[in-house]
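The figures here come from the full heavy-atom set of this structure, side chains too, leaving out hydrogens, waters and symmetry mates. Bear in mind the structure is a predicted one, so any value in this text is a computation, not a measurement.
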Protein chains: 2
Amino acid sequence: MESLPSARKFKDELYQQYARIGKCLSSDKRLEILSLLSQGPKSVENLAQQSEMSVANVSRHLQILLDARLVKFNKQGTYVIYTLGDPEVSNFLLSLWRLCESQLADISRMKEDFLQHFDDVQTLSLDEVMDKLEAGTIILLDVRPTGDFVAGHMPGAISIPIDEIDEYIQSLPRDIDVAAYCRGPFCIYSTEVVKKLQNEGFTVYRLEEGYWNGMWSLKCPL
Amino acid sequence: MESLPSARKFKDELYQQYARIGKCLSSDKRLEILSLLSQGPKSVENLAQQSEMSVANVSRHLQILLDARLVKFNKQGTYVIYTLGDPEVSNFLLSLWRLCESQLADISRMKEDFLQHFDDVQTLSLDEVMDKLEAGTIILLDVRPTGDFVAGHMPGAISIPIDEIDEYIQSLPRDIDVAAYCRGPFCIYSTEVVKKLQNEGFTVYRLEEGYWNGMWSLKCPL
DNA sequence: AGCCTATTCAATTAATGAATAGAATAATTG
DNA sequence: CAATTATTCTATTCATTAATTGAATAGGCT
C-alpha cells in the first residue's frame, strides 16, 4: 500500500514511545527509587541515603524517570522533592509488583529464605495491636523514615525513625509492651528495632503487617 | 546491625529480580511481540512476519521473554507456538498501555496525526454494524491474520486476512454493503481493505472499534 | 559572602542489543 | 535409510548504549 503512510514507521515510533516507559523499569536502581517514592515524597538526598547510591547517580536516574513522566518534582527551599507522577503510576507499580511475584518463583524463594532469619521475633497482627492500643496496654512505634510517617501512619503511633532509636530508648516506659511496624514483612527496620529493644529488656513485638502505599498489607515488595 | 543478614544485599537481589521483568519491557521490539501475542498464540515465523523482524532475532527476544516467564510455548509439529505466560501478564500489559497513554502526550499526538490520513474512510460503530448484521444488510469481514480470528472474533464475521483479500474480491457480492474490522483504530489493516474495495466499486465501511485482547474497544495500543 | 542541595559534565567501565551465521531437531522424500 | 528441506534455537560478533563516579557548576537560602 504505497499511497498510505507507512504503517511500519508508525508502529515503530509508537512502540519506541512505549519503550520509554519500559526503559525506566529495566534498571533495578530505578525500580528501587520508584518503590521508595510510592511510600511518600522524598528529596534527592533522602533517596540517595535510602537507596545507598550517590546523589549524582540518583539525580540522573530521576531525570530518566522524569522524562517518561513517571515522577514529578516541586522545590521546597533548596530541596527538590520528587513524587510519583500520577495515581496511575502508583496503580501501575502495584500491578508490576504483583506480576513479578506471580511470575518469578525466585522472588518468593528469596523472601522465604530471608524471613527464616527472623523466626525468633514475636509478631502481632494488625487486629491484635489495634485492640491493645485501644486498651492502652501497648506503645506503637512507627520506625520508618520521618517522611513516610508524615505521608501516612497508624493513628496513635509514635514516629521513631530507626536511625534515632538509640536516643529514644531511655525515655520509653518499661512497664508496658512495645510494638514496632515498618513497611511490610520484608522491610527489616522493625525487626532490627525489636531485636535491639529485646536486648535492652523490653517486651517487644513486631507488627506483621506494614504500612505501605497508603494501606496496611503484607504485600510491600520490600 | 552486623548480626543480621545484609538488608542491602537482599534488597539488591530482590530488585534485580524485579528488573528481569523490567528489562523485557525496555525494548520496543519486545513490546511489539507482547502486543502481538496478546492477540493470540503465534509461531516464531508468524511473529517475525508481523513484526517485520528476522526469525533469529524474534527467537532471541522470545528467549528473553521466556526467561522472565512473560511467555510460554508449546510445540505443534515443527512449529513452536508462543503464548502470553499467564492471564496476569495480559492484565499487566493492559495497565502498561494505559499508563503509557496517560503519561506520554507524544503518543496521543502521534496517533491523532496518523488518523488524519484516513479522514475519508467512512466508519460505522459497533452498534450500527450489529444492527445491520442482524438485518442481513451487511457483510462483515475480519481482516486480521487467521490466528487472531481463531483466537476470537465477531459472530457472523468472515475471516479474510488482508494478504488474501485479492483472491476473495471476485466472490464478494456487490449488491450489499461491506464492513471490515481489525484490531483497533490504529491498526490499518481494515483501512487498507476499505480503500482497496472502494476502488473496486464496493460500498464499504470501516468498523470503528477493533477486536483485541478478547474484547471490543478503541484502546488497542496498535 | 558562605553554605547547602541538586544538576550537569566528562570520562571510564560495564552491559546490552541486533544481526549474522551456524547448529540442532524433526519431518519428508527419493 | 540416507539426504534434503523446513523450522527454530544458540553462539558470536561488533556497535551501541547504559551506569557510575568525581569534579564542576548553578542557584537558592540565611
Side-chain angles (χ1 to χ4, degrees), chain A residues 8 11-12 15-34 36-37 41-68 70-83 145-147, chain B residues 8 11-13 15-34 36-37 41-83 147:
Chain A
R8 176 40 49 189
K11 283 184 197 173
D12 285 348
Y15 282 113
Q16 276 161 26
Q17 290 297 319
Y18 291 138
R20 279 171 62 191
I21 302 263
K23 282 188 213 300
C24 290
L25 311 171
S26 68
S27 146
D28 50 341
K29 300 299 185 185
R30 280 195 291 274
L31 290 177
E32 183 167 1
I33 289 175
L34 287 172
L36 287 167
L37 286 179
K42 293 190 170 47
S43 69
V44 178
E45 194 184 22
N46 192 335
L47 287 168
Q49 279 168 6
Q50 292 197 47
S51 64
E52 299 179 42
M53 277 187 278
S54 70
V55 170
N57 201 16
V58 170
S59 181
R60 222 181 83 66
H61 282 306
L62 285 169
Q63 298 313 309
I64 293 167
L65 293 171
L66 196 59
D67 176 65
L70 294 186
V71 303
K72 61 188 178 191
F73 68 90
N74 63 327
K75 302 195 177 186
Q76 285 182 13
T78 64
Y79 287 82
V80 178
I81 308 293
Y82 280 85
T83 326
T146 311
Chain B
R8 174 43 47 191
K11 284 185 196 174
D12 284 348
E13 287 173 0
Y15 282 113
Q16 277 161 25
Q17 289 298 318
Y18 291 139
R20 279 171 63 191
I21 303 262
K23 284 187 213 300
C24 291
L25 311 172
S26 67
S27 146
D28 49 343
K29 301 298 185 185
R30 280 196 289 275
L31 290 177
E32 183 166 1
I33 289 175
L34 287 172
L36 287 168
L37 286 179
K42 294 191 171 43
S43 70
V44 178
E45 195 184 23
N46 192 335
L47 287 168
Q49 280 167 6
Q50 292 197 47
S51 64
E52 299 179 42
M53 276 187 281
S54 72
V55 169
N57 203 13
V58 169
S59 179
R60 221 178 80 71
H61 283 306
L62 285 169
Q63 297 313 309
I64 293 168
L65 293 172
L66 194 61
D67 176 65
R69 312 227 323 178
L70 294 186
V71 303
K72 61 188 179 191
F73 68 90
N74 62 327
K75 301 194 177 189
Q76 285 183 12
T78 66
Y79 287 80
V80 177
I81 308 293
Y82 280 86
T83 325

Salt bridge (charged side-chain N to carboxylate O under 4.0 Å, His left out) partners for Glu13(B), two or more places apart: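 Per chain and number, Glu13(B) pairs via salt bridge (charged side-chain N to carboxylate O under 4.0 Å, His left out) with Lys9(B).
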Excluding sequence neighbours, so at least two apart, what forms side chain to side chain donor-acceptor pair (under 3.5 Å) with Arg20(A)?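 Here the qualifying residues are Gln17(A), Asp106(B).
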Just so I know, are the side chains of Leu47(B) and Leu37(B) near enough to count as touching, which here means a heavy-atom distance under 4.5 Å?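 Counting from C-beta outward, Leu47(B) and Leu37(B) do come under 4.5 Å.
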Indicate yes or no: at least one non-hydrogen side-chain atom of Leu34(A) is less than 4.5 angstrom from one of Val71(A).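 Touching, per the 4.5 Å side-chain cut-off.
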Apply ring-ring contact (aromatic ring centres under 6.0 Å, His included) to Tyr15(A) and list each qualifying residue two or more places apart in sequence or on a separate chain.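 Tyr15(A): ring-ring contact (aromatic ring centres under 6.0 Å, His included) contacts with Tyr18(A).
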How would you list, by chain and number, every residue that makes a ring-ring contact (aromatic ring centres under 6.0 Å, His included) with Tyr82(A), sequence neighbours excluded?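 Tyr82(A) satisfies ring-ring contact (aromatic ring centres under 6.0 Å, His included) with Phe73(A) only.
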Nearest 0.5 Å, what's the OG-CD distance between Ser43(B) and Gln49(B)?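 Going from OG on Ser43(B) over to CD on Gln49(B), the span is 7.5 Å.
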Quick one: pull up CD1 in Ile81(A) and CG in Asn46(A) and give me the separation to the nearest 0.5 Å.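 With rounding to 0.5 Å, CD1 (Ile81(A)) is 8.0 Å from CG (Asn46(A)).
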Round to the nearest Å and state the distance from [X] atom [atom1] to [N] atom [atom2].
X: Gln76(B); N: dA27(C); atom1: CD; atom2: P; value: 13 Å
X: Glu52(B); N: dA18(C); atom1: CD; atom2: C1'; value: 16 Å
X: Ile64(A); N: dA18(D); atom1: CD1; atom2: C1'; value: 8 Å
X: Met53(A); N: dA6(C); atom1: CE; atom2: C1'; value: 15 Å
X: Gln16(A); N: dG17(C); atom1: CD; atom2: P; value: 15 Å
X: Lys23(B); N: dT17(D); atom1: NZ; atom2: C1'; value: 13 Å
X: Leu47(A); N: dT7(C); atom1: CG; atom2: P; value: 10 Å

Dump the pairs, protein N or O against N or O of nucleotides 28-30 of chain C, anything under 3.5 Å, distances to one decimal.
none

Pairs: protein N or O with nucleotides 5-11 of chain D N or O, under 3.5 Å:
{"residue": "dT7(D)", "atom": "OP1", "partner": "Tyr79(B)", "partner atom": "OH", "Å": "3.1"}
{"residue": "dC9(D)", "atom": "OP1", "partner": "Tyr82(B)", "partner atom": "OH", "Å": "3.0"}
{"residue": "dT10(D)", "atom": "OP2", "partner": "Gln63(B)", "partner atom": "OE1", "Å": "3.2"}

Which donor-acceptor pairs under 3.5 Å do side chains of residues 21-33 of chain B form with protein atoms, sequence neighbours excluded?
{"residue": "Lys23(B)", "atom": "NZ", "partner": "Ser26(A)", "partner atom": "O", "Å": "3.2"}
{"residue": "Ser26(B)", "atom": "OG", "partner": "Lys23(B)", "partner atom": "O", "Å": "2.8"}
{"residue": "Ser27(B)", "atom": "OG", "partner": "Lys29(B)", "partner atom": "N", "Å": "3.2"}
{"residue": "Ser27(B)", "atom": "OG", "partner": "Arg30(B)", "partner atom": "N", "Å": "3.2"}
{"residue": "Arg30(B)", "atom": "NE", "partner": "Cys24(B)", "partner atom": "O", "Å": "3.1"}
{"residue": "Arg30(B)", "atom": "NH1", "partner": "His61(B)", "partner atom": "ND1", "Å": "3.2"}
{"residue": "Arg30(B)", "atom": "NH2", "partner": "Lys23(B)", "partner atom": "O", "Å": "2.9"}
{"residue": "Glu32(B)", "atom": "OE1", "partner": "Arg8(A)", "partner atom": "NH1", "Å": "3.1"}
{"residue": "Glu32(B)", "atom": "OE2", "partner": "Arg8(A)", "partner atom": "NH1", "Å": "3.2"}
{"residue": "Glu32(B)", "atom": "OE2", "partner": "Arg8(A)", "partner atom": "NH2", "Å": "2.8"}

Please collect all side-chain hydrogen bond (donor to acceptor under 3.5 Å, both in side chains) contacts where either partner lies in residues 66-81 of chain B, sequence neighbours excluded, each pair once.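 Found none.
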Please list, by residue number, the residues of residues 24-34 of chain A whose heavy atoms come closer than 4.0 Å to an atom of DNA chain C; answer none if no residue qualifies.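 The stretch gives none, as no residue of it lies under 4.0 Å from the strand.
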Option passing side-chain contact (heavy atoms from CB on, under 4.5 Å) with Val58(B) (candidates Lys42(B), Gln63(B), Glu52(B), Met53(B)):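 When Lys42(B), Gln63(B), Glu52(B), Met53(B) are each tested with Val58(B), the side-chain contact (heavy atoms from CB on, under 4.5 Å) holds only for Met53(B).
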Would you say His61(B) places a side-chain N or O within less than 4.0 Å of OP1 or OP2 belonging to dA18(C)?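 Looking at the OP1 and OP2 atoms of dA18(C), one of them is under 4.0 Å from a side-chain N or O of His61(B).
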